[in-house]
Amino acid sequence: MNVAKGLLGYELSFHGPNGTVGGIITETEAYTQDDPACHAYNGKKTKRNAPMFLSAGHIYIYFIYGMHHCLNIVTEPEGRGAAVLIRDIQPTIGLDIIQTNRPNITKQSEWLNGPSKLMMGLNIPAELNTANALSNDCPLQCRPHKKPPTIQTFPRIGISKATDRLWRFRAPI
DNA sequence: ATTATGATGTACT
DNA sequence: GTACATCATAATG
């Protein structure tokens with residue numbers, strides 16, 4: 001969760017076939033292996049969550065609700081299953097391309113303001129699962145941009161377990 | 001082999 | 001605020 005806070009204000013960029021798109025990370029959620037809401041709870045490794053056990057900086061993308069994908073950054077050393085869910089991004093790079101990827105959404109502020117919305121808006125392919133974002137040839141890059149002056153803390157949402165853990169973090173716009 | 005459920009988004013009332 | 005789309009995965013038989 002220290003990483004979840006640290007990622008706020010970072011600029012995430014994706015170099016796709018149609019150009020480069022990206023934006024500033026403004027909301028994240030932390031998941032660790034001692035957390036009942038985590039896909040890797042108790043260190044149980046499955047086909048789906050295997051990327052979470054790679055070393056920090058790897059990418060974990062999973063499919064949910066039969067139609068959506070969510071993007072996570074792995075946060076702990078190899079062998080421990082933990083990651084940060086990227087929940088909200090403010091678009092800054094390749095706005096015209098992002099608009100094309102979100103044809104029915106008029107407000108720029110709603111292009112990437114959700115874990116699956118940002119996958120659609122940035123058009124990130126599920127094949128990036130298990131890639132290493134720290135490697136220079138990775139199409140997905142994450143670089144420091146602006147450090148947020150304050151960080152707000154909330155309960156996580158969309159889960160049914162461990163909702164008491166205040167592991168959702170937001171940077172004010 | 002079968003079943004329950006989910007780290008959600010969108011449209012509609 | 002409520003309803004529903006839609007299916008891979010993981011747990012269970």
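Chain identifiers are assigned alphabetically (A, B, ...) following the order of the sequence lines, protein sequences preceding nucleic acid strands; residue numbering begins at 1 within each chain.
- Between the NZ atom of A/K45 and the P atom of C/dT9 there is a distance of 17 Å, given to the nearest Å.
- Nucleotide C/dA3 is matched to B/dT10 when pairs are restricted to Watson-Crick or G-U wobble geometry with both distances under 3.5 angstrom.
- Residues A/R87 and A/L118 come closest through the heavy atom pair C-CD2, 4.1 Å.
- At C/dA10, one or more side-chain N or O atoms of A/R48 fall inside 4.0 Å of OP1 or OP2 (strictly under the cut-off).
- Counting to the nearest Å, the C1' atom of B/dA4 and the NZ atom of A/K161 are 12 Å from each other.
- Salt bridge status for A/E29 with A/R156: absent, with no side-chain N to carboxylate O gap under 4.0 Å.
- Residue A/R102 places at least one side-chain N or O closer than 4.0 Å to OP1 or OP2 of B/dT10.
- At whole-Å resolution of the value, CZ in A/F63 and C1' in B/dG9 are 13 Å apart.
- Taking atom CD1 of A/I61 as the reference point, atom C1' of C/dA8 lies 16 Å away to the nearest angstrom.
- B/dT3: Watson-Crick or G-U partner is C/dA10, with both key distances under 3.5 Å.
- Between A/H68 atom NE2 and B/dG6 atom P there is a gap of 15 Å when expressed in whole angstrom units.
- For A/Y31, whose side chain is taken as the heavy atoms from C-beta onward, the closest listed nucleotide among B/dA7, C/dA5, C/dC7 is B/dA7.
- Residue contacts shown for A/R87 are limited to sugar-phosphate atoms, with no base heavy atom under 4.0 Å away.
- Contacts of A/R168 with the nucleic acid, taken as non-hydrogen atoms under 4.0 Å apart, are absent.
- For A/K45 and A/N49, the side-chain atoms include no donor-acceptor pair closer than 3.5 Å.
- There is no path of hydrophobic side-chain contacts, each under 4.5 Å, that joins A/I61 to A/L134.
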In a table with atom names and distances, give each donor-acceptor pair under 3.5 Å that connects a side chain of residues 1-16 of chain A to protein atoms at least two apart or in another chain.
unit_1	atom_1	unit_2	atom_2	d
A/E11	OE2	A/T92	OG1	3.0
A/H15	ND1	A/T20	OG1	3.0

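- As rounded to whole Å, 12 Å separates atom C1' of C/dA8 from atom NE2 of A/H39.
- Protein atom CG of A/D88 is 14 Å distant from nucleotide atom C1' of B/dT8, rounded to whole Å.
- Among B/dT10, B/dA7, B/dG9, the nucleotide with an atom closest to any side-chain atom of A/I64 is B/dA7.
- A heavy atom lying under 4.0 Å from DNA chain B marks the following residues of residues 103-132 of chain A, by number: A/G114, A/P115, A/S116, A/K117, A/M120.
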*Working for side-chain contact (heavy atoms from CB on, under 4.5 Å), residues A/H68 and A/M120*: CA-CA 9 Å; A/H68 298 303; A/M120 300 187 254; 4.3 Å; yes
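- Distances shown here put every side-chain N or O of A/T46 at or beyond 4.0 Å from the OP1 or OP2 atom of C/dT9.
- When each of A/R168, A/K117, A/R170 is tested with A/D88 by the rule side-chain hydrogen bond (donor to acceptor under 3.5 Å, both in side chains), just one qualifies, namely A/R170.
- Looking at heavy-atom distances under 4.0 Å, A/Y65 makes contact with a base.
- The distance from atom OH of A/Y62 to atom P of C/dA10 is 13 Å, rounded to the nearest whole Å.
- Ring geometry for A/H39 against A/Y62 counts as perpendicular: the plane angle is over 60°, on a 0 to 90° scale with 30° as the lower cut.
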